[in-house]
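Quick one: the structure is below, and I'll ask about it shortly.
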Protein chains: 2
Amino acid sequence: MFMAVTASEPERKRRKIRPRSERRQQLIDATIRCIAHYGLSSTTMQTVTREAGLSLGTANLHFDSKENLLNETLLFVTNEYNEGLLAIMNSEGIASLAGRLSLLLDFQLGPSVTQRHKMAVWFAYYGEAGARPVYQKICSRRDRAAAQRFEALFDSIIADGGYENVDAKQLAIGYLSLIDGLWLALLIGPKDLSKAGARAVAQAFLHQAFPRHMA
Amino acid sequence: MFMAVTASEPERKRRKIRPRSERRQQLIDATIRCIAHYGLSSTTMQTVTREAGLSLGTANLHFDSKENLLNETLLFVTNEYNEGLLAIMNSEGIASLAGRLSLLLDFQLGPSVTQRHKMAVWFAYYGEAGARPVYQKICSRRDRAAAQRFEALFDSIIADGGYENVDAKQLAIGYLSLIDGLWLALLIGPKDLSKAGARAVAQAFLHQAFPRHMA
DNA sequence: AGAAAGAATGAACAATCATTCATTCTTTGC
DNA sequence: GCAAAGAATGAATGATTGTTCATTCTTTCT
């Protein structure tokens, strides 16, 4: 009996071969979406690979283990944020300290950083950091780096503006804690607080500290 | 053959019967310790019941499901915090607004609330709240309640002190976000920031806003 | 064109988890 | 003391998960 085998077969997706780095990024992106959608504890290798449009084996081929994939995902998000900060900190096209400060605020509470995806990932890892030293190390390294940069910037602003009775270190801790808290407020209770509202709160904080540098 | 059966038996713990409410609290306490120690995603019915010194079946007997146990644990921690705030807010033994404000700060950054256990539990649930509507509802209800109370208090302080150009609502959001961020800083990077340091940061925030009410 | 290299697959496996329930044990009311 | 009520147990179950690896499929190089 003759049969049109190819016609009766369900469509089979053609397998594509792509370089390792591209697959890794594809899987990291899928992991971010899964964590935001299902939460860290319900993010499985199945959901991630399905989200990425790949198979189970591919994830282990490129990341060896789930643990490693999660670590690399946290590292990616962390680096992305740090590089965004650094780019503004070191940018030479900005003349005034006030302009730099304003740009930093725009970045930290801007649309790129305050996407639900990104914030959900941050706090998913923060929530587990207490029990997982690896997460804690990555997160605290990021926080320390940011704190040092802001402290240096605030030092310059204090010198520039002749502000008195202000401690740059304490202000940096306060400002960065405020930003973290505002992210959390945006993530958990989106009805009470708009992004513009959060921006206004942070701006008011900086205005209180440096009235001659922030409107 | 005669055998000293009772002597050769390993010691068997005598089973104790306790009322339902006591067992529930015992299991909730164990859940808090497990979340702080193992993280939410590694907290299993096994680890919780072992930590509580009870058997697997007991947990399901009193809570029906793991999901329910986790919800009740979040509710307990939330209520504990809310009642602590309310007790100070409604206390009649405090004469001045300044004193009340100071007590609230002491409570929010005091030793009871800033135990590692408690903070780890907060952020474990916050981290999953993006994906679990139940957690989000409980958390956001707490946040809204706290924000309203602080807004009312700040309104009184503004009227009392004749402060101008300050918005009570915005200040309340800022202050509570700052507290959340400081908790996170205490939990993740305990070396950079002491509890006294965190308290100083929050105090500075309030001093900037209400210089005649906070030292 | 042909073959070597290695990327991709997913069924199968072993481990772990929440949940069930027949049984055992305490307490309480009489 | 005795029996009823129901609290406590933990082995067994079924579902889910991370990981493996024999096989299939693409691409590249000669």
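All of these numbers come straight from a predicted model, not from anything done at the bench.
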Exercise. Find out whether Gln170(B) and Phe154(B) are in side-chain contact, i.e. whether some heavy atom of one side chain is under 4.5 Å from a heavy atom of the other.
Key: no
Practice problem: Rounded to the nearest angstrom, tell me the gap between atom CG in Asp64(B) and atom C1' in dA18(C). | Solution: 13 Å
Practice problem: Please list, chain by chain and in numerical order, all residues satisfying side-chain contact (heavy atoms from CB on, under 4.5 Å) with Ser41(A), sequence neighbours excluded. | Solution: Ser41(B), Glu128(B), Arg132(B)
Distances under 3.5 Å between protein N/O atoms and the N/O atoms of nucleotides 5-8 of chain D, please, pair by pair.
from   : atom 1 : to       : atom 2 : distance (Å)
dA8(D) : OP1    : Arg18(B) : N      : 3.0
dA8(D) : OP1    : Arg18(B) : O      : 3.4
dA8(D) : OP1    : Arg23(B) : NE     : 2.6
dA8(D) : OP1    : Arg23(B) : NH2    : 3.2
dA8(D) : OP2    : His62(B) : NE2    : 2.7
dA8(D) : N3     : Arg15(B) : NH1    : 3.3

Could you pull out every donor-acceptor pair under 3.5 Å between side chains of residues 183-193 of chain B and any protein atom, sequence neighbours left out?
from      : atom 1 : to        : atom 2 : distance (Å)
Trp183(B) : NE1    : Gln108(B) : O      : 3.0
Asp192(B) : OD1    : Arg144(A) : NH1    : 3.0

Residues 71-79 of chain B side chain polar contacts: donor-acceptor under 3.5 Å, at least two apart:
from     : atom 1 : to       : atom 2 : distance (Å)
Glu72(B) : OE1    : Arg24(B) : NH2    : 3.3
Thr73(B) : OG1    : Leu69(B) : O      : 2.8
Thr78(B) : OG1    : Leu74(B) : O      : 2.9
Asn79(B) : ND2    : Leu75(B) : O      : 3.3

Please tabulate, for the side chains in residues 198-210 of chain B, all donor-acceptor contacts under 3.5 angstrom to protein atoms that are two or more places apart in sequence or on a different chain.
from      : atom 1 : to        : atom 2 : distance (Å)
Arg199(B) : NE     : Asp106(B) : OD1    : 2.9
Arg199(B) : NH1    : Gln203(B) : OE1    : 2.9
Arg199(B) : NH2    : Asp106(B) : OD1    : 2.2
His207(B) : ND1    : Met214(B) : O      : 2.7

Exercise. Could you name each residue pair satisfying side-chain hydrogen bond (donor to acceptor under 3.5 Å, both in side chains) that touches residues 57-68 of chain B, not counting sequence neighbours?
Key: Ser55(B)-Thr58(B)
Protein-nucleic acid N or O pairs under 3.5 Å, nucleotides 11-17 of chain D:
none

Self-check item: Nucleotide dT9(C), atom P - distance to CG of Asn60(A) in whole Å
Solution: 13 Å
Practice problem: Check salt bridge (charged side-chain N to carboxylate O under 4.0 Å, His left out) between Arg33(B) and all other residues, then give those that pass, not counting sequence neighbours. | Solution: Glu51(B)
Exercise. Tell me, please, which residues at least two apart from Ser194(A) pass side-chain contact (heavy atoms from CB on, under 4.5 Å).
Key: Ala196(A)
